[in-house]
Peer 1: 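I'd like to ask some things about the structure below.
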Amino acid sequence: MRLLKDTLARRGMGIVTALPGLLVLLIVVGLFLKSKAILGVQPLSQLLFSSAWHPLKGEFGLLPFITGTIWVTVTALVLAVPVSILAAVYLSEYAPRWVRESAKPVIDLLAGLPSVVYGVWGVILVVPFVGNVLAPLAGVYSSGYSILAGGIVLAIMTFPTIIHVTLEVFSTVPAALRDASLSLGATKWETTRHVVLRKGAQGILAASVLGFSRAFGETMAVLMVVGNVPLVPRSLFDPGYPLPALIANNYGEMMSVPRYDAALMMAALVLMLIVLFFNVLARRTLIRVERRVR
Amino acid sequence: MKALPGGRIAGRKRADVFFRVLAAVSAAAVLLSLLLILGTILWKAIPALSLSMLTPTPKGDF
């Protein structure tokens, strides 16, 4: 009886563990089946690399949306990763206990804000700041609704994710290692650089990937500040149109246009595959870093 | 002429102070961004808040 229970429990847990993976597969297959109709009319290469987006003429080039997504995400990460890691270094290594204890709930609060609030804030503050201050400083014209505005808002949204995970990683570094480094005459920064950051490198990478995943799929806040113009952006001050915004903006009104739904499903599939690709890439990098550190 | 060890120590200390300040500024920027978001939303919202906005049921005619 006990053996039977043990086997049942093992199999049951195995099935439950396999379910999330199966769900991902199911979503990919579902999206593929739904987007098959567009592949019959337009080849995949044309869908991915054409910038002609004219649904009424039956042209569904996804390039402006793919590049828009990449521009916004990369801008957000370039802004967010160094600041978040340095903030985590300060809170973990330098800050007095009371600062650390009071900063953590504040960062949690930042994580808990609904994305639409970030979007509203972006429209009120970031868009005018980009349009009236940063663009003239760079010597270009911009309405403010731009890749940069999206990147700034998204960077602030990813701060809590990256800081939280990085702080957790830093807390796992044994105090003895820090003490050994300090006792050898290293300064606090040298200890942080050579011990804490080195030991936590893989965790920091994981934190950045989590931030990337958050940024890549973010819809509402970005949609409100990025401009939503289906053109390939050439600079940070150009408007863009990321894939999630495309799907959110158009899903309700696609029924009257033939193959529009299939094109949007294809956009969702592309979004999902890009996120999966980067997650797998990050996982492989993590394994490689782990091996090297050992 | 070779730099004296004292100069090297001073350089390391300068780097330590520089990164301490940089890290503190980064942490402040993160916390400030939250204050800025909350501040902006409250600044814009508080003048529009009233009991009459919350209590009656909408009658249409928007």
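A note on names: the letters A, B, ... follow the listed sequences, proteins ahead of strands, and every chain is numbered from 1. The shown structure was predicted, so the numbers you read here are calculated from the model rather than taken from an experiment.
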Peer 1: Here's a test: name every donor-acceptor pair under 3.5 Å between chain B and chain A, with the distance for each.
Peer 2:
unit_1   : atom_1 : unit_2    : atom_2 : d
Arg12(B) : NE     : Glu190(A) : OE1    : 3.3
Arg12(B) : NE     : Glu190(A) : OE2    : 2.7
Arg12(B) : NH2    : Gly185(A) : O      : 2.8
Arg12(B) : NH2    : Glu190(A) : OE1    : 2.8
Asp16(B) : OD1    : Trp189(A) : N      : 2.8
Thr40(B) : OG1    : Trp121(A) : NE1    : 3.4

Peer 1: What part of Ile85(A) is in contact with chain B, defined as an atom under 4.5 angstrom from a non-hydrogen atom: side chain, backbone, both or neither?
Peer 2: neither
Peer 1: Please identify each residue that fulfils side chain to side chain contact (heavy atoms under 4.5 Å, CB included) with Phe18(B), with sequence neighbours left out.
Peer 2: Leu22(B)
Peer 1: What part of Leu110(A) lies closer than 4.5 angstrom to a heavy atom of chain B: side chain, backbone, both or neither?
Peer 2: both
Peer 1: So which part of Leu34(B) gets closer than 4.5 Å to some heavy atom of chain A, the side chain, the backbone, both or neither?
Peer 2: both
Peer 1: With side-chain contact (heavy atoms from CB on, under 4.5 Å) as the criterion, how do Ile156(A) and Ile37(B) come out once you've worked through the C-alpha distance, each side chain's angles and the decisive distance to 0.1 Å?
Peer 2: CA-CA 10 Å; Ile156(A) 292 171; Ile37(B) 292 169; 3.9 Å; yes
Peer 1: Given a strict heavy-atom distance threshold of 4.5 Å, which part of Leu35(B) is in contact with chain A: side chain, backbone, both, or neither?
Peer 2: neither
Peer 1: I'd like to verify something: which residue of Val89(A), Leu125(A), Leu91(A), Val99(A) has the highest number of heavy-atom pairs under 4.5 Å with chain B?
Peer 2: Leu125(A)
Peer 1: Apply side-chain contact (heavy atoms from CB on, under 4.5 Å) to Leu31(B) and Ile107(A), showing your working.
Peer 2: CA-CA 7 Å; Leu31(B) 299 178; Ile107(A) 293 168; 4.2 Å; yes
Peer 1: Please give me the minimum heavy-atom distance between Leu86(A) and Ala23(B), naming the atom from each residue.
Peer 2: O-CB, 3.4 Å
